[in-house]
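Lettering follows sequence order; numbering is per chain, from 1.
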Protein chains: 2
Amino acid sequence: MDLTRLPAAWLRDNCGCSLCRDPRNGQKLFHITDLPQELAIGDVRERAGGASFEVEWVPDGHRSVYALEWLTESAPSGDGRSGDGRTEDGKQLWRAAALDGRLPEADWEAYLAEPAERIRVLESVQRLGFALLRGVPCRERQVLAVAETFGYVRETNYGSLFDVRVEADPNNLAFTGAAITPHTDNPYRDPVPTLQLLHCLTNAATGGDSGLVDGFAAAALLRDEDPAAYEVLTRTLVPFRFDDARSALRADRPLIDVDPLGRIREVRFNNRSIGTLRLSAEELDLFYAAYRRFGALLLRDDLRLDFRLAPGDCLIFDNTRLLHARTAFAESGERHLQGCYADLDGLASTLEVLRREQPLDELAALFEGAGAEQYLGEEITQAQHMLQAAALAEAAGAGASLVAAALLHDVGHFHGPVSGADLMASDGTDNRHSHTGAERLARWFGPEVTEPVRLHVAAKRYLCAVEPDYFGKLSEASVHTLRVQGGPMSSAEVRAFEDEDFGADAVRLRRWDEAAKRVDARTPDFAHFRPLLAGLLR
Amino acid sequence: MDLTRLPAAWLRDNCGCSLCRDPRNGQKLFHITDLPQELAIGDVRERAGGASFEVEWVPDGHRSVYALEWLTESAPSGDGRSGDGRTEDGKQLWRAAALDGRLPEADWEAYLAEPAERIRVLESVQRLGFALLRGVPCRERQVLAVAETFGYVRETNYGSLFDVRVEADPNNLAFTGAAITPHTDNPYRDPVPTLQLLHCLTNAATGGDSGLVDGFAAAALLRDEDPAAYEVLTRTLVPFRFDDARSALRADRPLIDVDPLGRIREVRFNNRSIGTLRLSAEELDLFYAAYRRFGALLLRDDLRLDFRLAPGDCLIFDNTRLLHARTAFAESGERHLQGCYADLDGLASTLEVLRREQPLDELAALFEGAGAEQYLGEEITQAQHMLQAAALAEAAGAGASLVAAALLHDVGHFHGPVSGADLMASDGTDNRHSHTGAERLARWFGPEVTEPVRLHVAAKRYLCAVEPDYFGKLSEASVHTLRVQGGPMSSAEVRAFEDEDFGADAVRLRRWDEAAKRVDARTPDFAHFRPLLAGLLR
C-alpha cells in the first residue's frame, strides 16, 4: 500500500497515538490548526510484518501507526456515503402490500430477556420505521418504561406522557373521536421528536383502527411521478404552528427535507397545523399543487398499512419518516392510548451497544454453558478456573487487556467437551486450545488480548525451560498435558519466544493459570468483567 | 382589494370558519385533498363596511370570511421569508469587540419576578445566542430549575444533568482540567440539543475562564472570505462519533448547515469527535483545507468573547450557533459547573406566550391600580364591579368572549381617575368610556370582545327605551349618568341598535353591569379569568 498518496491532513487527523487521542475516551487532543500548515508524509515503514505502517511526519517529526486493516477499510473512495443511517439510503422503504400483513413484532418479555430480540426490534424501527411490542403490561405510565429501554423520553408541551382519549376541552384533535389522516406529530417543533411510542391500554370503541404510511416511500414515489412537485416540497419552508393557552410553537420546515447529498432525510406532514405561507402568488400556486399531489399520494390505499392496536400493544415508530393515522371512533366507546416521544439517536446508540456487546453475551453464555464442565482433571469447572485467573490478574494490577486474556485464556476448550483423554490421544505438540481460542477472540479483540492467549501454552514450555524449579509447581494434570504440548522448550524456541511482542504478558498469564486451580477460591462472576471486556472490543 | 387574483388553494386553506378549523384549538379540520380539484373564487362581497370580505367558493358553495387586516398582512409577496427566527436572518450576528464587554445579563430574582425581564433574557438567547443569569442560588440541580423556567430538559447519555469538574475516569475531556477550544456540544447527536445551560457552583481554580464565539458570524465571515471553502463545509457530511462503555453515538452532519433558502441554520464544530471521513482523495483535500480555514477563523481573538463565570452565574446559550470554550485550569483547584441541555423551540414558545400575555399583565396591573378606585358613586371599587359582572356572565353560561367583555367593560374608565362629577361636566351624549375602552381592547381582542364593550352604554339607553320598567332598576348613580349619555333611545336609534352584530351581547352584558354593584358579593380574582383572556388574545 502506497501511503504517500493519501491526503495528508486526513491521514494525520486519524492518528490514534496517545498524544493525538485520549486513550480513556478516544477524543482528539489536538485542534486542526495545531497541525503544521505544510504537513507532509515523510518516511513510511512497514511494521509487524506488514500488518501496520508507521508514518513519520514532515515537518514536525510526529509518528503515527496505522493498521493495514484500517487503511484498507478507510481508504479514500467516492462511494463511502452510507452515513449514519438516517436518510433513505439507510432504510428499507415499503408499501403496505409488500409487508404482506406481517408486522415487525415481538413479545415484551422476550424483548426484555433476550438481547438478540431487542436488536431485532430496534433494527426494525431503524430499517422499516416501526416495530410493535405485544404483551406490554397495561399499566399507566408503562410507555415511559418502554422508551427507557432504548433511549430518553422527550418532554414536550403535552408532558412527558400524553393520554390519547376523548377529552372534554381538547387542545388537539387527537383528543377527540375524530378520524385523523396520516400525519407526523409535532411538526411545529424544531427539533421535532424523532420517535413516538403509543401504548394501548383500552380499545373497546367501534372504530379507532390504526394506520401507518412510509413517508420516505411516498416521497420517493412523488420524486418518480412528479419530480418538479417533489423539488418544490424540498425547498418550500412551511410554517407549522400550534397555539394553546400555554404554548405558541412554530417551525418553518419543508414537507420533505433532504440532506446535502439530496437524499430524503425527514418528512413532515400535518394538514392540521400548517399556517399561512407568505410567498409570491406563483410560488403559492406551485406549492399548493405539489402539496395536494403529495397529500393524495399519502392517502393511497396501497401505501397504508392498517391494523388495530389491542390492549398491551406498544407501537414504536420513526416520527421523521412514518405517518400515522386512525379511523374515527364513537366518543362513547372506551379507547385509551398513552404516548410519549423519544429520539432516534438514543435508539441507534442502544442498538449499536447491543450489537457491540453480542460477543460478551456469547462469552457469558459460554461461561454458563460449556464453562460449567469440569476443568481438565481438576476439582473445579473451567469457568471457575478462568475467573480465578482473571481475579489473580486483577489483584496483581494487570492492565485491562491482560485481565481479559486471563479471563478468556481457555475459551479454545469451549468448542466442545475437551477431556484430558482427548488430549492424550492427539499427536505431537498440542497448542490447539490456545490457538483456536486466540483465533476465536480475534474477531472481537486486538492482539493485546489474543496474543497472550495464543502464547499461554508456549509460556508453560518456556518457563519449564528457563526456571528449573517451575516444573515442580505444576499440578498433576498440567504435568500430564505438558508432554503432549511438546515438553520444555529448546534453547532456540526460548529465544524465539523472548522475541514475541506479548511473550512477557503470556508468562504473567501463565503463572496465574497455574495458580487458578484452588477448590475453595471465591471470585467475581463473569458480569464483573463485562465492562472491562466492553472497553476492549474492537 | 381584488380577492379574485389571490391563489385559490392558498386562500381557501386559510379559511377560518368553524367547519374548516376547530374553534377550540384552531386546527384544520380538512385534508388538502378534500378541497375541490377545480377550486375557484366565486362571488366576493364586502362585509362590515369593508372591514372584511366574504368569498363564495366554486364549485362547492362554501363561504369564507377574511378580515381586511389579515388580507393586507398576508397578501402574497416574494419577501415574507423571515421564518421561524432560527436562521441567520432572525439573529444579530456579533463579534466580541462589537459587544464592547457588555454581556446580556439579568438578576435571577428579577428574572423570576418580572415578565418583562424574562422576555429580555429569552430574547437575548434568541437574538445574540446567549444570556447570563446572575445570582442563581448555588444549589445542586438548580440548573434544571433554570431550564424549566422556559422549556424542557433534554436527557442524554450524560444524564439529565452533568457535572463539569475533574473526574478520575473521564469519558470526556470536559471532565478534566484541559483547555477546550471553541466547540458545540453533542455533535454526534441528531437531533442535537439546541440549548445548553452551565451553572457555576464553584470557580476557585487558577484558569478555567470561559469563552464564546458566534458560529453564525464566523460562518458568514468564511462565506465572505472564502466562498468555496464555505460551500464545501455546507455540503460535506462529517461523521461525528462518541463511544464509551454505554454509548455509541454517531451523526453525519455538515459543519455548516443551511436551510433550503441557503441561510445559515446550524453550526456543528467539535474537533474532538470527528471520525473518519470516507470520501475521494480530492474531496478530502478540499474538506480538510476548508475545515482548517474555518477552525482558524473560530480561534480569532476578535471573535471570541472572554469572561469568567462566578458562583451563581448561569449561562444559557444556543448550541446550534454559539461555540463555547474554556482555558485550562489546575486540576487541584476547585471548579464545579453543573450543566444541562434543553431546546430552542420550548424557549421560543415561552417567549411568545410571555409576549402574548403582556396585555394580560397590563390588565392585571390595572385591576390592582386604578381598579382599586371607587366605582362611580357606588360602595365598591371599579375592579370589584367588573369582577362581579364577569362572575355573573360566567354563572349565566356566557361564552368566553362575553365573559371577557363583562370583565373588561369599564376599562375605558382606567385612563385616569374618572368621577361622576367629571362625567356631569361633559357635554351631550357621553359614551366616552365605552368607546375608549373598546379601542384600547381592540389592540388585543377581536370584535366579539370589543363590540359588547363599545355598545354597553348604548344598551342601557336601548333597554330604557324598550323595557318600560327598566329605568326603575337603575341604581342612583346609573340614573345620574343616563342623562349625560343621552337618555333612552329614540325609535330610530332602537332600530339601528338592533341591527348591530353584537347588540344582543351588549344587552346581556348590560344586565350583568346593573346587577354587579353588590357590596357583599364574593368574586374570583383577576387571575381566575387570565386563561380565558389568553385564549381570546388576537
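B:Leu347 places a side-chain heavy atom less than 4.5 Å from the side chain of B:Gln126. Residues B:Pro254 and B:Leu237 have side chains in contact (heavy-atom distance under 4.5 Å, counting atoms from C-beta outward). With contacts defined as side-chain heavy-atom distances shorter than 4.5 Å, the pair B:Val192/B:Pro187 does not qualify. Within the 4.5 Å cutoff, the side chain of A:Asn319 has no heavy atoms near those of the A:Leu195 side chain. Side-chain atoms of A:Arg268 and A:Val238, non-hydrogen and from C-beta on, never get closer than 4.5 Å to each other.
Contacts of A:Leu29 classified as side chain to side chain contact (heavy atoms under 4.5 Å, CB included), with partners at least two apart in sequence or in another chain: A:Asp22, B:Leu173. Listed by chain and number, the residues in a ring pair (Phe, Tyr, Trp, His ring centres under 6.0 Å) with B:Tyr341 are B:Phe162 (sequence neighbours excluded).
Here B:Arg250 does not pair with A:Asp345 in a salt bridge; the nearest charged N to carboxylate O distance is not below 4.0 Å. Taking the charged nitrogens against the carboxylate oxygens, B:Asp243 and A:Arg356 do have a contact shorter than 4.0 Å, which makes a salt bridge.
Inspection of the A:Asp89 and A:Thr87 side chains reveals no N or O donor paired with an N or O acceptor under 3.5 Å. Between the side chains of B:Asn186 and B:Tyr158, no donor N or O sits under 3.5 Å from an acceptor N or O.
Of the two parts of A:Arg530, neither the backbone nor the side chain holds a non-hydrogen atom closer than 4.5 Å to a non-hydrogen atom of chain B. Of the two parts of B:Arg189, the backbone and the side chain both hold a non-hydrogen atom closer than 4.5 Å to a non-hydrogen atom of chain A. Contact of B:Pro170 with chain A is made through backbone and side chain together, with heavy-atom distances under 4.5 Å. Contact annotation for A:Thr194: only side-chain heavy atoms (C-beta onward) come within less than 4.5 Å of a heavy atom of chain B. Neither the backbone nor the side chain of B:Phe175 comes within contact range of chain A; no heavy atoms are under 4.5 Å apart. Both the backbone and the side chain of B:Gln37 come within contact range of chain A, with heavy atoms under 4.5 Å apart. Looking at B:Arg241, neither its backbone nor its side chain comes within 4.5 Å of chain A, counting heavy atoms on both sides. Both the backbone and the side chain of B:Asn157 have a heavy atom closer than 4.5 Å to some heavy atom of chain A. With a 4.5 Å cut-off on non-hydrogen atoms, A:Thr350 does not touch chain B at all. Only the side chain of A:Thr181 comes within contact range of chain B, judged by heavy atoms closer than 4.5 Å. Proximity to chain A (any heavy atom under 4.5 Å) is shown, for B:Ser160, by neither the backbone nor the side chain. Interface residue B:Arg265: only side-chain heavy atoms are found under 4.5 Å from chain A. Interface remark: A:Leu351 contributes no atoms to any contact with chain B (heavy atom separation under 4.5 Å). With a 4.5 Å cut-off on non-hydrogen atoms, A:Asn14 touches chain B through its side chain but not through its backbone. For B:Phe30, the part lying under 4.5 angstrom from a heavy atom of chain A is the backbone only. Contact of A:Leu537 with chain B is not made at all, since no heavy-atom distance falls under 4.5 Å. Residue B:Arg246 touches chain A through its backbone alone, counting heavy-atom pairs closer than 4.5 Å.
Between A:Phe242 and A:Tyr188, the gap from one ring centroid to the other is short of 6.0 Å. With ring centers used as reference points, B:Phe287 lies 6.0 Å or more from B:Phe294.
Contact tally against chain B (heavy-atom pairs below 4.5 Å) for A:Leu277, A:Ile180, A:Asp244: the top residue is A:Leu277. For the options A:Gly151, A:Gly295, A:Pro239, A:Gly535, heavy-atom pairs under 4.5 Å to chain B are most numerous at A:Gly295. Ranked by heavy-atom pairs shorter than 4.5 Å toward chain A, the options B:Ala75, B:Ala534, B:Ala281, B:Gly275 are led by B:Ala281. For the set B:Ser273, B:Ala296, B:Ala348, B:Ser247, the entry with the most heavy-atom pairs within less than 4.5 Å of chain A is B:Ser247. Taking chain B as the reference chain and counting heavy-atom pairs below 4.5 Å, the highest number among A:Glu357, A:Arg272, A:Arg293, A:Arg21 is found for A:Arg272. Note on B:Ala251, B:Gly26, B:Gly346: by heavy-atom pairs under 4.5 Å with chain A, the leading option is B:Ala251. When each of B:Thr236, B:Asp259, B:Thr234, B:Ile274 is checked for heavy-atom pairs under 4.5 Å with chain A, B:Ile274 comes out on top. Among the candidates B:Arg154, B:Arg292, B:Arg5, the residue making the largest number of heavy-atom pairs closer than 4.5 Å to chain A is B:Arg292. Considering only heavy-atom pairs separated by less than 4.5 Å from chain A, the leading option among B:Asn172, B:Val153, B:Asp285 is B:Asn172. In terms of non-hydrogen atom pairs under 4.5 Å with chain B, the most contact-rich of A:Arg235, A:His183, A:Glu282 is A:Arg235. When each of A:Asp190, A:Leu6, A:Thr320 is checked for heavy-atom pairs under 4.5 Å with chain B, A:Asp190 comes out on top. Note: A:Pro191 leads A:Pro531, A:Ala178, A:Pro260, A:Pro191 in heavy-atom pairs under 4.5 Å with chain B.
Heavy atoms only, all atoms of each residue included: A:Pro76 and B:Ser280 are closest at CB-C, 4.0 Å.
The distance from atom CG of B:Leu298 to atom CD1 of A:Ile32, rounded to the nearest 0.5 Å, is 12.5 Å.
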> Stepwise, does the ring pair (Phe, Tyr, Trp, His ring centres under 6.0 Å) test hold for B:Phe269 with B:Phe240?
Replying inline: CA-CA 9 Å; B:Phe269 192 96; B:Phe240 289 99; 8.5 Å; no
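The side chain to side chain contact (heavy atoms under 4.5 Å, CB included) test with B:Pro182 is passed by exactly one of B:Leu299, B:Asn270, B:Asn271: B:Leu299.
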